[in-house]
Structures are given as C-alpha cells and as structure tokens.
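Accompanying notes for the structure given below.
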Amino acid sequence: MATTKVEALSLNAITKTFGELTANDAVSFSVHQGEVVALLGENGAGKTTLMNILFGQYTADSGSVAVFGQTLPPGNSREALNAGVGMVHQHFTLADNLTVQENITLGSRPLLSPRLGRSAARAKIIALSERFHLAVSPDARVGSLTVGERQRVEILKALYRDVRVLILDEPTAVLTPQETDDLFATLRLAIADGLSIIFISHKLHEVMAIADRVVVLRHGKVTGGARTQDTDTKALAAMMMGVEAVPPQVAPANPGAALMELQGVSTPDVGNAPGLRDVTLALRAGQIIGLAGVSGNGQAALADVVGGLRAAAAGQVVLNGAPVQSWSPRTAVRSGIARIPEDRHKTGTIGDFDLTENAILERYKTAEFSTAGWLNWRKSRDFAEGIISKYDVRCPGADTPIRLLSGGNMQKLILGRVLEAGPQIILANQPVRGLDIGAVNYVHSQLLAARDRGAAVLLISEDLDEVMALSDVIHVIADGRLSPGFERGSMTPAQLGVWMAGQGFDKEMAHAS
Amino acid sequence: MEIIEILFTASFWAAAIRIASPLIFATLGELICERAGVLNLGIEGIMVAGAFAGWMAVYSGTGLWVGVGVAMLVGMAFGALHSTLTVPFGLSQHVVGLGVTLLATSSTYYAYRLALPEVTSPPKIEAFQPFEIPILSDIPVLGQALFAQTPFTYLAFVLVAVVAVVLYRTPLGLAVRAAGENPNAVAAQGLSVTAIRMGAVIVGSGFMAMGGAFLTMSAFDSFFFGMVNGRGWICIALVVFGSWKPGKALLGAVLFAAFDALQIRVQQTSFGAQIPYQIFLMMPYFLSILALVVMSRRAEVPAALMVPFNKGER
C-alpha cells in the first residue's frame with residue numbers, strides 16, 4: 001500500500017485514568033492517509049479505551065485527537081463521525097428489528113427532519129455495496145443476517161457516512177477464513193480510495209497481511225512500533241508481551257477408549273439457533289477433539305448435550321459404554337464431565353459470590369465440602385486458596401467477589417475448579433475467548449496436560465487457529481451437522497473454511513449415495 | 001340471538017369506539033415509551049392526574065382544548081420525573097413506574113381536596129359534544145358509530161396515524177425504534193440515547209394523560225375517585241397485544257372496548273339476567289387474556305426493553 005504523507009489522524013499525548021488504573025498514559029501516534037496501522041496489545045493494554053476516546057465515547061483526561069489537522073471536541077461521537085472517523089465495534093452495534101437500510105441511515109439525517117430520504121439513501125447504499133463488493137440487500141432485516149453479512153452492514157454504515165479514518169476492533173474474530181479474505185479485499189479497495197484504517201486484532205498473521213505499520217501498547221503506553229515489512233509474527237508477539245511468547249509444545253496424542261459417545265443425536269432448533277442434526281461423535285481418553293465452526297451453527301446445542309443441560313430428542317448419549325438414562329447437569333457432573341462454559345460471566349460464575357463460593361459451585365453437595373447438609377467453609381476455603389496459588393489467580397483474596405477479577409483470572413479459577421476435580425471428560429467451550437496471549441498459552445498448556453494424563457477433551461472454538469493448534473482431531477459444525485473427523489495436519493484453513501461455510505456436507509452425501 | 005342483534009346496532013359500535021378512545025391515547029403513549037426501551041408503569045397514575053388536570057382546567061374557566069393541553073403538560077411533567085429516574089440514573093423501571101403511579105394518584109386526590117374542600121359531589125363541566133361529520137355520518141351503522149363521536153375521539157384516531165408515520169417514516173422514529181432494540185447502535189451513530197429515551201417517555205406520558213382527560217372531558221363530564229379503574233394496566237397489555245405496532249394496538253383497544261360494550265348490553269337481555277353480573281364484568285378481561293396469549297406468541301418485544309443504557313459500558 002502506497003502511503004502519502006498527508007496526516008489523516010493524530011493522537012497527541014492521550015491520558016485516561018479510571019480510579020487508580022491508568023488505562024492510557026500519554027499515548028501518541030498518527031496515521032497517514034491510505035495507511036493501515038495495526039494496534040497491538042494484550043488485554044487490558046488500553047486499546048479499546050484508546051479507540052473509545054478517539055471515537056468520542058470516553059473523554060480523555062488530557063491530550064487531544066486531530067483529524068486532518070482539525071482538533072476534535074472531546075467526548076462527542078457525533079463530531080467524530082462528522083469529522084470522518086468511523087468505528088466498527090467488536091460487538092456489532094446493529095438493531096435487529098430494523099432493515100439494513102434503516103441501520104445504515106440511522107442518525108445520518110437531523111432527527112427532526114420530516115423525511116427519511118429513502119430513495120436517495122437506497123441508491124447510495126447500492127452504489128457503495130457494488131463498488132466495495134459488500135453484497136447485502138438494503139431491505140433485509142438485520143436480525144435474519146449471518147455474522148458475515150452483519151459485518152458488511154457495519155462497514156457500509158461507516159462508508160455511508162463518508163468516513164476517512166476507520167477503526168476496526170477485532171473485525172475477523174467471528175469470520176470464516178473466506179469471509180476474512182473478502183473483508184480484506186474490500187478494505188484494500190477502500191484503502192486505494194484513500195481510507196485510513198486502525199486495525200485491532202489478536203491474529204498476528206492477519207496483521208501482517210493487511211497492515212503497513214504496527215503500534216504496540218503495553219500497560220497503557222506505546223512501547224514499540226514497526227513496519228510490517230521489517231518484522232514477523234514472532235517478533236510482534238514478543239513486543240506485545242514484553243517477553244517472548246512460547247506456545248505450548250504439542251506431543252503426539254495417545255488416544256484410548258471412547259469415554260463418551262453421541263450416537264445419532266438430534267435436538268430441536270431454539271429460535272434462530274440450529275439444534276443438532278444426527279450428530280455422531282466419540283470423545284476418547286487422551287485426545288483433544290476440536291470443534292470448528294462459525295458461531296451459532298449448533299455449538300451451543302452440542303455443548304449443552306455434552307454438559308447435561310439439554311437432552312437428545314433423538315439418538316443417545318453413551319458414557320463408558322452404557323447409554324445414559326436421565327441426563328441432567330447433575331448426572332453430567334457426577335459422571336466426571338467438567339465444563340468450562342462459553343460465557344464465564346453468565347454461566348461460568350456468579351458475579352457477586354466470592355471466589356470460595358464459585359470454586360465449589362458444582363460440587364458443594366459432595367462429601368468433600370459438606371456433611372449432613374451443612375457446608376464446610378474451612379475446607380471450601382482451603383480448596384479455593386489451593387486453586388488461587390496453584391493456578392496463579394491474581395486476586396486480593398478468596399473472599400473477593402469474583403466479578404472484580406479480570407477475565408483471565410476468572411478463567412484461571414474456572415480452570416482450577418474444573419481440573420482439580422480430576423475429570424475424565426473436559427468440555428472446553430471458548431476457553432480462551434478474550435484472554436491475552438500469556439493467559440491463552442497457560443490455558444492451552446493445562447488442557448494439553450489434562451489430555452496427556454488421559455482425559456478426553458472437547459474444545460469448541462470460533463478461532464480456527466486455536467482449534468488447529470490444539471486438536472488431535474477436528475470436526476467442523478455447520479447448521480447443526482457435524483463433518484467427519486480430520487486428523488491433525490490433514491486440512492488447510494481454507495479447506496476447513498469450505499466446511500464451515502456449510503459446503504462439503506452435500507458432496508459427502510453424494511459420495512455416500 | 002339477542003347477542004347477534006346487538007352486534008349490528010350502531011349504538012353498540014358507537015359505545016365501543018367511545019370506550020376505546022381513552023385506551024387508544026394511553027396505549028399509544030405506552031407504546032412510544034416501550035419502543036424506546038422504557039416500560040412506563042406510571043401510566044395508571046398519569047391517567048388519573050390527566051383526568052383531574054384537564055377537568056379542573058375547564059372547571060376554572062379555560063376552553064376545552066386548553067384543558068386537553070393542560071392535562072398533557074401534567075402528564076409530561078410526570079414523564080419527566082419517570083424518565084429522569086429511569087434513563088440517566090438507570091433505576092428499576094418497575095419500582096419507579098409504580099412509584100410514579102402512587103405519587104400521581106395520591107397527589108391528584110390531594111389536589112382535588114385542596115381545590116374543592118367543601119363539595120360532596122364533584123361539579124360538572126361542559127364536556128366535548130358529539131360532532132356529526134357531514135355525509136360520512138349518514139352511512140348506515142358505521143356512520144353513527146364512527147363519525148358521530150366527539151372531536152376528542154377523532155383526535156385519538158388521527159394520533160394513531162401520526163404516531164405510525166413518525167415511527168416508520170422519519171429519522172426520529174427510526175432513532176426511537178433503534179433505541180429500544182439496541183441503544184449501542186444509536187450511540188455509535190452519534191445520537192444521544194438518553195435524550196431519545198427521555199423524550200419518548202415525556203411525550204408518551206403526555207398521551208397517557210390525554211387518555212385520562214378523555215374520561216372527564218368527553219366520556220363523562222366530571223371527576224370521580226377511582227374512575228381510571230385499571231385502564232392503564234389494560235393499555236400495557238394492549239401494547240403487547242398490538243406487538244408494539246400502532247395499528248395493531250388500535251385494533252386491540254377497539255376489540256377490548258367492544259367486549260366491554262357487549263357485556264353491558266348482554267347483561268340486560270333475558271339470557272343475561274340469569275347470570276350474576278360479575279361474570280359479565282369479568283368477560284372483557286378474560287377474553288383479553290385469551291387474546292393476549294394467542295397474539296403475544298408472535299409479538300416482537302423490543303430487545304432492549306427495560307435494559308438501562310450506560311454510555312461507555314460494555
């Protein structure tokens with residue numbers, strides 16, 4: 001990408017504190033017209049805070065933001081938009097009950113103007129979507145769109161407002177590899193038009209692919225920067241963490257007997273979320289099964305069936321060779337199934353409970369923690385403190401409400417709760433979502449260690465890189481259907497992407513018939 | 001058979017439209033609040049306050065339409081209180097709403113006692129009179145039912161159209177609908193969720209008060225304690241029944257009112273005389289619950305209804 005020397009955006013000594021915590025400490029950098037700058041940093045490094053200041057959702061304590069030489073008034077998203085700064089948030093900001101066009105035009109006209117100007121808006125949207133290859137129907141309701149389509153709407157929303165600087169906060173986190181390629185193609189078209197981009201991602205190879213330059217934030221400060229042509233992913237990871245990141249070494253698996261089997265399991269759809277369609281899967285001792293797929297394709301149903309939250313409508317669940325009769329969360333826990341839930345805030349922990357209470361949440365009724373219906377707090381507390389020291393949970397103490405912990409530390413407590421019970425079967429649903437590289441490597445090494453001592457692990461993740469790095473066998477789930485198992489290293493990301501997009505299943509059917 | 005005959009009389013449908021009118025105002029008001037994401041349980045009390053304020057204004061010598069305006073302003077004041085507590089402060093919408101209902105009801109009765117310390121029966125005012133629209137009112141049955149009502153009723157129907165047009169055809173309505181579905185979408189487009197939600201609650205509360213004022217200024221010509229009698233709660237159900245759409249809500253209000261008008265008339269038939277009248281009083285509510293059960297299965301609830309929005313919070 002050719003960069004001209006026009007300065008599109010400059011951040012000058014931005015400082016922002018929340019109480020004791022300094023989220024941004026005199027952060028300065030600039031972006032030229034037509035340039036892509038990747039903002040790298042671990043969780044809690046201050047990236048999102050910085051972008052929210054830039055987009056006027058927070059007010060900085062000091063420092064200023066200038067767009068094409070014009071200083072922006074602080075804390076005003078409207079002014080930021082008018083000056084040409086757009087943002088695609090990690091969690092999409094779309095209203096499901098509105099059409100694509102309504103979402104795009106929302107706020108683009110003065111609220112009290114009498115008309116929506118629909119035909120002109122429609123023409124502009126169609127022109128933009130053709131020019132930038134963002135295929136989406138203006139009249140479709142956003143609630144019925146796929147994740148990839150929603151992302152296109154978000155980008156159209158920014159382009160519709162004629163933004164000149166676009167912030168993309170983890171835009172590829174929920175996309176298939178093909179969708180990511182399409183996104184990058186669109187972005188390159190826009191860059192050629194002079195759009196400047198700030199790109200936030202944890203996926204370093206994507207950063208290398210799209211960015212011209214990298215700025216690294218650590219503990220709220222700019223600690224480094226490089227041109228992507230002069231660096232590589234390994235060096236970037238080291239810059240982010242301050243030390244070299246060492247991903248866990250994966251020894252060859254030694255699979256044993258099937259501990260749990262799903263045989264032709266189907267579950268009904270729940271609202272928009274597909275259920276399972278005739279899923280057959282075996283979880284073997286000493287093996288990590290990875291489940292790849294775009295979110296909302298039946299992962300939740302599969303996790304619920306394995307975790308005991310949902311019963312199979314058809315087919316059966318077999319544990320250690322015997323079909324299970326009444327399947328409930330309690331029988332699942334009793335049968336030695338340990339669960340790392342997808343959403344650690346909603347279903348993994350109870351925010352106002354302290355660490356001790358959360359640590360015994362699944363097993364408070366067992367003889368270990370209670371006698372004759374009375375809780376044994378001393379043992380419970382010892383157990384929690386054991387987890388805190390063994391798994392390095394950074395916290396003020398076992399009596400802290402768990403909601404005060406960072407995501408990584410919360411996840412470590414859950415991990416400890418799961419692994420200390422010595423489980424036979426581990427259901428790890430998005431175990432590293434939102435964690436930084438250090439914590440990711442830690443969680444992964446623990447899962448590998450559990451595998452090596454003979455546990456069966458089911459890893460569900462939307463991050464294909466994670467699934468490919470850890471899994472001994474990969475299945476792809478798409479619209480509730482499960483692909484055949486692929487051995488480690490037998491598939492490229494692009495090949496898996498074809499399955500993730502729901503193709504491949506039909507071909508398989510054709511072969512079978 | 002008598003029941004069938006009732007359904008074809010103009011007076012029955014005229015009564016249904018008359019009974020529906022206050023419900024239409026208040027249902028529209030609640031619908032606007034909920035579309036923006038705020039449940040306004042102050043509706044019952046705001047209707048009481050509106051009923052009193054409009055009537056009192058006319059009793060003190062203002063014109064009828066000025067009285068309607070006064071009622072609306074009083075409703076908007078309670079709406080301002082409600083929205084200040086629920087939107088920027090993010091307090092529980094249930095608690096605040098019930099609090100506003102209690103406050104509005106009791107302060108209305110207090111104001112009544114202050115204004116009229118001596119009277120035993122409340123004074124009457126010169127209320128809105130039916131106005132027959134030329135030509136249209138000559139249509140058989142329908143004409144007398146729809147076009148021989150008071151101007152206040154006509155306003156209710158006009159307002160349904162106005163609210164529908166604003167909601168679906170203007171940038172403001174788009175912003176209101178988005179605020180009730182995903183306030184983050186509104187904030188990300190540089191609009192103020194707080195202003196949109198507060199505005200919606202204030203205007204909506206004004207409409208609720210007009211619904212109350214209809215009772216004292218058009219349906220009757222005086223103010224009684226307990227005259228709102230749960231109509232506010234019915235309107236909350238009507239919003240669900242109407243799936244948060246103005247046209248469907250209008251239909252629901254007329255349907256409920258028709259049940260109500262019907263039960264009064266059935267009571268007076270030879271068949272009705274054999275049954276305790278309480279059964280008939282119950283019927284509109286019973287049938288409404290049934291209708292609600294059927295309709296609300298397909299209703300699309302605004303996703304951010306009752307979810308407070310704090311800027312900058314993830």
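Remember, predicted model here, so these are calculated numbers, not experimental data. Side chains included, hydrogens not; waters and symmetry mates left out as well; all remaining heavy atoms used. Letters A, B, ... mirror the listed sequences (proteins, then strands); counts begin at 1.
- In this structure, chain B has a heavy atom under 4.5 Å from the side chain of A/L98, while its backbone stays farther away.
- With a 4.5 Å cut-off on non-hydrogen atoms, A/F92 touches chain B through its backbone but not through its side chain.
- Distance check: B/T150 OG1 to B/F131 CZ gives 11.5 Å after rounding to the nearest 0.5 Å.
- In this structure, chain B has no heavy atom under 4.5 Å from any part of A/I53.
- Proximity to chain A involves both the backbone and the side chain of B/V186, based on heavy atoms less than 4.5 angstrom apart.
- In summary, A/R141 and B/E300 engage in a salt bridge, as defined by a charged side-chain N under 4.0 Å from a carboxylate O.
- Proximity to chain A is absent for every atom of B/A303, based on heavy atoms less than 4.5 angstrom apart.
- Contact count against chain A (heavy-atom pairs under 4.5 Å) is highest for B/G190 among B/P183, B/G190, B/A179.
- Side chains of A/E170 and A/H89: a donor-acceptor N/O pair is absent below 3.5 angstrom, by distance only.
- Between B/R231 and B/E44 there is no salt bridge, since no side-chain N of the basic residue sits under 4.0 Å from a carboxylate O of the acidic one.
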* Could you please spell out the steps behind the side chain to side chain contact (heavy atoms under 4.5 Å, CB included) verdict for A/L405 and A/I402? => CA-CA 6 Å; A/L405 269 56; A/I402 200 160; 4.2 Å; yes
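- Most heavy-atom pairs under 4.5 Å with chain B, from the set A/R109, A/E79, A/R161: that is A/R161.
- Between chain A and the options B/L191, B/L174, B/N182, heavy-atom pairs under 4.5 Å are most frequent for B/L174.
- Comparing B/I196, B/T170, B/V166, B/V165 by how many heavy-atom pairs each has under 4.5 Å with chain A, the most go to B/T170.
- For the pair B/V163/B/I32, a side-chain contact is recorded, criterion being any heavy-atom separation below 4.5 Å from C-beta on.
- Using a 4.5 Å cut-off on side-chain heavy atoms (C-beta onward), B/V160 and B/I24 make contact.
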